[in-house]
2 protein chains.
Amino acid sequence: MPHTVIEVSRSTLKRLPLYLHVLEDLHRQKQEYISCTALALKFDFGSIQVRKDLEVTGAEGTAKIGFRISDLIRNIKTFLGWHNVQDAFLVGAGNLGKALLGYRDFDLYGLNIVAVFDKDPAKIGTRIFDKEVMPVEKMPGLAARMHVNIGIVAVSAIAAQEVVNVMVASGIRAVWNFAPAPLEIPQGIILENARLTQSLAVLSNKLKCLLEEETKESVPCPM
Amino acid sequence: MPHTVIEVSRSTLKRLPLYLHVLEDLHRQKQEYISCTALALKFDFGSIQVRKDLEVTGAEGTAKIGFRISDLIRNIKTFLGWHNVQDAFLVGAGNLGKALLGYRDFDLYGLNIVAVFDKDPAKIGTRIFDKEVMPVEKMPGLAARMHVNIGIVAVSAIAAQEVVNVMVASGIRAVWNFAPAPLEIPQGIILENARLTQSLAVLSNKLKCLLEEETKESVPCPM
DNA sequence: TCTTAATCGATATAATTCTATCGATAAAAC
DNA sequence: GTTTTATCGATAGAATTATATCGATTAAGA
């Protein structure tokens, strides 16, 4: 039997958590079923898009009534690998690191920060949200012992590459990078950049167009 | 003379800040010129992609030597509207709000946080990075007086919609949302979501595939 | 019970986005 | 000075992604 390779676009992958948020809200409100049409109303794209996205998770709906919400939640979570919580190391106990540590919801998204590291001796030994900040040198040993796969980079752009190198040497398989720097990683290691500036770029450009449109009349604007 | 409407894809818009980072690095290192080929080496996409992206900013290169780096920086910044710094209001003085306030680099990206607001009486009056936390009620008056266009939402999902409503009523034109909630905004107002969970979804799925591939041999994996 | 309306699931079409090709041009090598 | 090589700029083509259409199915109303 040949393998059916499921092609999942990055765009679809990014929309799935959006659905998940809404679905969990509805689930809390004891709603049982929802149709793609109804779900699409929450977003600025159509119901066909929603249906196609849900399809990749293996969800199955019923005509006229739609999908069972609890099924959808389970399917999406399983598909994203959020059902089995993954342990993660966080490097950088600055403001961003604290913010990430404080973001309790990560548990719901399959992420559990088990340890925090920093280079700064002043920070080492202090506690943030009940987690002790440890020196980066301790990472390799702990990673091996705890079988941690995910590393979160929340340091400055200058320090980022060095941190990633340590992570990779420690056996980390996936790096979630918050530093505004292009990182180099060996083949086989997953790198995902959570760049704020990308999002800001879209906002800025739209705003620029909006403001230009107002001052000089009839200036064309993309989107 | 008909207007030449420049179609800029969201993808291109998101790559521009990536180029900017690298270019500013090179500029600091006193490099004068760079080719698309050389620039593309820093990323996991090709030189043609880079050239097409730079094209939209109006940059012009020279055969054999490439583009003048200082020109590129200026072009990208102008295109994104990052040359004229925009003032912004930040709502939410929690961990994320603090992290954003501490992110000094925003100035380089055309963003200047001028005031911080919160609902919590315990936080009002305290100072974060030299900025006094003010009650949300003061926003409307200040927005009008200071001609602020951008509002940053760094509150919980539950409080987000309410905050946005106040922002819109205050005359804010663009909302940068960090709350994991789908927000409703009136036509003509710009909304950009900086969702961490989207980025995490991509990472999780890749990691899930990687781990599955290792345990069960020959399991197909998207991407 | 029969008709109507809403929705799914599959397929087909359109739009967008990315990649390849080719001549023109400018610097470097010979 | 001529050839070679690297690059741009433009155009064409491929791949991907989004949207529309249509029959099948199921619940609700006449």
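Lettering of chains follows the sequences in order, A, B, ..., and the numbering in each one begins at 1.
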(message) Any salt bridge linking K208(A) with E213(A)? Criterion: basic side-chain nitrogen under 4.0 Å from a carboxylate oxygen.
(response) no
(message) For a quick check of understanding: with a heavy-atom distance under 4.0 Å over all strands, which category does F45(B) fall into, base, sugar-phosphate or nothing?
(response) nothing
(message) Just the rounded figure in Å: distance from P of dA10(C) to CZ of R51(A).
(response) 11 Å
(message) Between C1' on dT7(D) and CD on E55(B), what's the gap in Å once rounded to a whole number?
(response) 14 Å
(message) Between R68(B) and E60(B), does any NZ, NE, NH1 or NH2 come within less than 4.0 Å of an OD or OE carboxylate oxygen?
(response) no
(message) Could you tell me how far apart E60(A) (CD) and dT25(D) (P) are, to the nearest whole angstrom?
(response) 14 Å
(message) Just to verify, which of T57(B), V50(B), I34(B) counts as forming a side-chain contact (heavy atoms from CB on, under 4.5 Å) with Y19(B)?
(response) V50(B)
(request) In whole angstrom, give the distance that lies between atom CD1 of I69(B) and atom P of dT7(D). (result) 13 Å
(message) Classify G66(A) by what it touches in the nucleic acid, base, sugar-phosphate, or nothing, heavy-atom distance under 4.0 Å.
(response) sugar-phosphate
(request) Would you indicate what T37(A) reaches in the nucleic acid, counting non-hydrogen atoms under 4.0 angstrom: base, sugar-phosphate, or nothing? (result) sugar-phosphate
(message) Between P on dA6(C) and CZ on F67(A), what's the gap in Å once rounded to a whole number?
(response) 18 Å
(request) Round to the nearest Å and state the distance from I65(A) atom CD1 to dG9(C) atom P. (result) 11 Å
(request) Please confirm whether any donor atom in the side chain of K64(B) sits under 3.5 Å from an acceptor in the base of dT5(D), or the reverse. (result) yes
(message) Strictly distance-based, threshold 3.5 Å: is any side-chain N or O of N193(A) a donor or acceptor partner for the main-chain N or O of R195(A)?
(response) no
(request) Kindly say if Q49(B) contacts the phosphate of dT17(C), meaning a side-chain N or O under 4.0 Å from OP1 or OP2. (result) no
(message) Expressed as a whole number of angstroms, how long is the span from L54(A):CG to dA18(D):P?
(response) 14 Å
(message) Distance check needed: dT17(C) C1' versus K52(B) NZ, whole Å only.
(response) 7 Å
(message) Which nucleotide wins on minimum distance to the side chain of S35(B), given the candidates dC8(C), dT21(D), dT7(D)?
(response) dT7(D)
(message) So, using side-chain contact (heavy atoms from CB on, under 4.5 Å) as the criterion, who are the partners of E184(A) when residues are at least two apart?
(response) Q161(A)
(request) For the side chain of I48(B), starting at C-beta, report the closest nucleotide among dC8(D), dA20(C), dC18(C). (result) dA20(C)
(request) Could you please name the option among dA18(D), dA27(C), dA27(D) that lies closest to any side-chain atom of S9(A)? (result) dA18(D)
(message) Side chain of T62(A), heavy atoms from C-beta onward: which of dA20(C), dT26(D), dA18(D) has the nearest atom to it?
(response) dT26(D)
